[in-house]
A.B. asks: 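Take a look at the following structure, please.
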There are 2 protein chains.
Amino acid sequence: MSAGHTEVTTPDPELFFDPSEECGIREVLDRIGDKWSVQVMVELSRGVRRFRELQRALPGGISQRMLTLTVRRLERDGLVARTVYPTVPPQVEYELTGLGWSLARLVRSLADWSREHRAEMADFRHQWDEAHRGAAE
Amino acid sequence: MSAGHTEVTTPDPELFFDPSEECGIREVLDRIGDKWSVQVMVELSRGVRRFRELQRALPGGISQRMLTLTVRRLERDGLVARTVYPTVPPQVEYELTGLGWSLARLVRSLADWSREHRAEMADFRHQWDEAHRGAAE
DNA sequence: CCGTATCCTGGTGGATACTG
DNA sequence: CAGTATCCACCAGGATACGG
């Protein structure tokens, strides 16, 4: 049936978020919802990286400023460990902590979901655009 | 040992993101990374909601404009179904689609992760702030 | 190499007013 | 009630220059 029409499954009773509110969603999203945090984690999931390596590896090109800010925040939250070798020139290595890896696992599942459903979503968007053509302008 | 020092676990070899890149992360985050999409989905996971209900339910107070934009995008992506009852005054109902529920499950796991680790992260932040006190004027 | 300090722009989202 | 249309403020993030 593919994406024939907007089917609606019955809600899984166990799934409901507790109405006691502030379920914690905002806190995570404030950490991974920004432009670079997740990409940095993804790259670090491939191994230890130095500052420049990290910067060069990120697609789209991150500025030094943003890489610093991003990596500092990740460090502060305990997701990334920063190791400074007092050499000259200075050398700094970044790697995921245990906490970082546990979050990376979830990030991974999000990525998997995305790839699994991207065709379906593209389908929906196409339908929607089709149905709403002519309305605007 | 709690969060004694920044421990680093060995990377799970199976976890690595495929280096073929554009793993799909950005696509999901572009959908759930904004201020309201997830909150709307969370509320809709509790049941069918009308426009105003949705607006009143969201903590922080969303503007009509943003609620419209958010809900339209979710609809366009096939995550939310919109049903219009041609009554007067008009009545519109929103609910999660199958696709929406599948994403909601992941959102839920993010929320769970957050609650499970928020203490640990707070701990880390406290340590970090402690260690970096005095550096900045 | 690894940052920090400034400056500046674009886009997200709020406030408000108006329609069907 | 359920939107649409405008206008506007704020700040995430880019560009650039400088420092340890």
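All chains are named by letter (A, B, ...) in the order of the sequence lines, taking the proteins before the strands, and each is independently numbered beginning at 1.
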A.B. asks: Hey, could you give me the CD1/CZ distance between A/Ile25 and B/Arg115, rounded to the nearest 0.5 Å?
C.D. replies: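 A/Ile25 CD1 to B/Arg115 CZ: 8.5 Å, rounded to 0.5 Å.
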A.B. asks: Using a cut-off of less than 4.0 Å, is there contact between a side-chain N or O of A/Tyr94 and OP1 or OP2 of C/dG3?
C.D. replies: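 Affirmative; the distance criterion is met.
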A.B. asks: Determine whether a donor-acceptor pair (N or O, by modelled atom type, separation under 3.5 Å) exists between the side chain of B/Ser114 and the backbone of B/Leu110.
C.D. replies: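 It does not hold such a pair.
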A.B. asks: Quickly work out the B/Lys35 NZ to D/dC11 C1' distance and round it to whole Å.
C.D. replies: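 So the NZ-C1' distance, B/Lys35 to D/dC11, works out to 12 Å.
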A.B. asks: When you measure from the side chain of B/Pro90, which nucleotide among C/dG14, D/dA2, D/dG14 comes out closest?
C.D. replies: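 Of the options given, the side chain of B/Pro90 lies nearest D/dA2.
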A.B. asks: I'd like to know if A/Asp112 pairs up with A/Arg108 as an ion pair, taking the criterion as any Lys NZ or Arg NE/NH1/NH2 lying under 4.0 Å from an Asp or Glu carboxylate oxygen.
C.D. replies: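 A salt bridge links A/Asp112 with A/Arg108.
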A.B. asks: Go through D/dG14, D/dT4, D/dA2 for me and flag the one nearest to the B/Val92 side chain.
C.D. replies: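 Out of D/dG14, D/dT4, D/dA2, the nucleotide with an atom closest to B/Val92's side chain is D/dA2.
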A.B. asks: Roughly how many Å is it from CZ in B/Arg73 to P in C/dG13, rounded to a whole number?
C.D. replies: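 Interatomic distance, CZ of B/Arg73 to P of C/dG13: 8 Å.
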A.B. asks: For the residue pair B/Phe124 and A/Gly78, what are the closest heavy atoms and their distance?
C.D. replies: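 That would be CG-CA, 3.5 Å.
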A.B. asks: Atom NE2 of B/His132 to atom C1' of C/dG3: distance rounded to whole Å?
C.D. replies: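 Roughly 14 Å, once rounded to whole Å.
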A.B. asks: Between A/Arg65 and B/Trp36, just flag the one whose closest nucleotide in DNA chain C comes earlier from the 5' side.
C.D. replies: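 Residue closer to the 5' terminus by nearest nucleotide: A/Arg65.
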A.B. asks: Quick one: is B/Arg82 getting a side-chain N or O under 4.0 Å of the D/dG3 phosphate, OP1 or OP2?
C.D. replies: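 For D/dG3, OP1 or OP2 has a side-chain N or O of B/Arg82 closer than 4.0 Å.
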A.B. asks: Round to the nearest Å and state the distance from A/Leu69 atom CG to C/dA5 atom C1'.
C.D. replies: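 Atom CG in A/Leu69 sits about 11 Å away from atom C1' in C/dA5.
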A.B. asks: Whole-Å distance between C/dA15 C1' and B/Ile62 CD1?
C.D. replies: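 Going from CD1 in B/Ile62 over to C1' in C/dA15 covers 14 Å.
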A.B. asks: If you only use heavy atoms from C-beta on, which nucleotide in C/dG14, C/dT4, D/dC1 is closest to the side chain of A/Gln64?
C.D. replies: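 Among the listed nucleotides, the one closest to the side chain of A/Gln64 is C/dT4.
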A.B. asks: Which nucleotide sits closest to the side chain of A/Met66: D/dG14, C/dG14, C/dG3?
C.D. replies: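 Nearest to the side-chain atoms of A/Met66, counting from C-beta on, is D/dG14.
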A.B. asks: Atom CZ of A/Arg49 and atom CD of A/Glu93: how far apart are they, to the nearest 0.5 Å?
C.D. replies: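 Going from the CZ atom of A/Arg49 to the CD atom of A/Glu93 covers 10.5 Å.
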A.B. asks: Taking only the side-chain heavy atoms of A/Pro89 (C-beta and beyond), determine which of C/dG14, C/dC1, C/dG3 contains the nearest atom.
C.D. replies: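 Looking only at side-chain atoms, A/Pro89 lies closest to C/dC1.
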A.B. asks: For A/Glu93 and C/dC2, give me the distance from atom CD to atom C1', rounded to whole Å.
C.D. replies: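 So the CD-C1' distance, A/Glu93 to C/dC2, works out to 13 Å.
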A.B. asks: Which listed nucleotide (C/dC1, D/dC1, D/dG13) is nearest to the side chain of B/Arg52?
C.D. replies: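 Selected nucleotide: D/dC1.
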A.B. asks: Heavy atoms under 4.0 Å, any strand shown: does A/Arg50 hit a base, just sugar-phosphate, or nothing?
C.D. replies: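 Sugar-phosphate contact only - A/Arg50 comes under 4.0 Å of backbone atoms but never of a base.
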A.B. asks: Does a side-chain N or O from A/Arg72 land closer than 4.0 Å to OP1 or OP2 of C/dG3, or not?
C.D. replies: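 Result: yes.
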A.B. asks: Using whole Å, what does the distance between atom P of nucleotide C/dC1 and atom CD of A/Glu53 come to?
C.D. replies: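 It works out to 10 Å between those atoms.
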A.B. asks: Whole angstrom is fine here: how far is it from OH in A/Tyr85 over to C1' in D/dG20?
C.D. replies: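 Interatomic distance, OH of A/Tyr85 to C1' of D/dG20: 20 Å.
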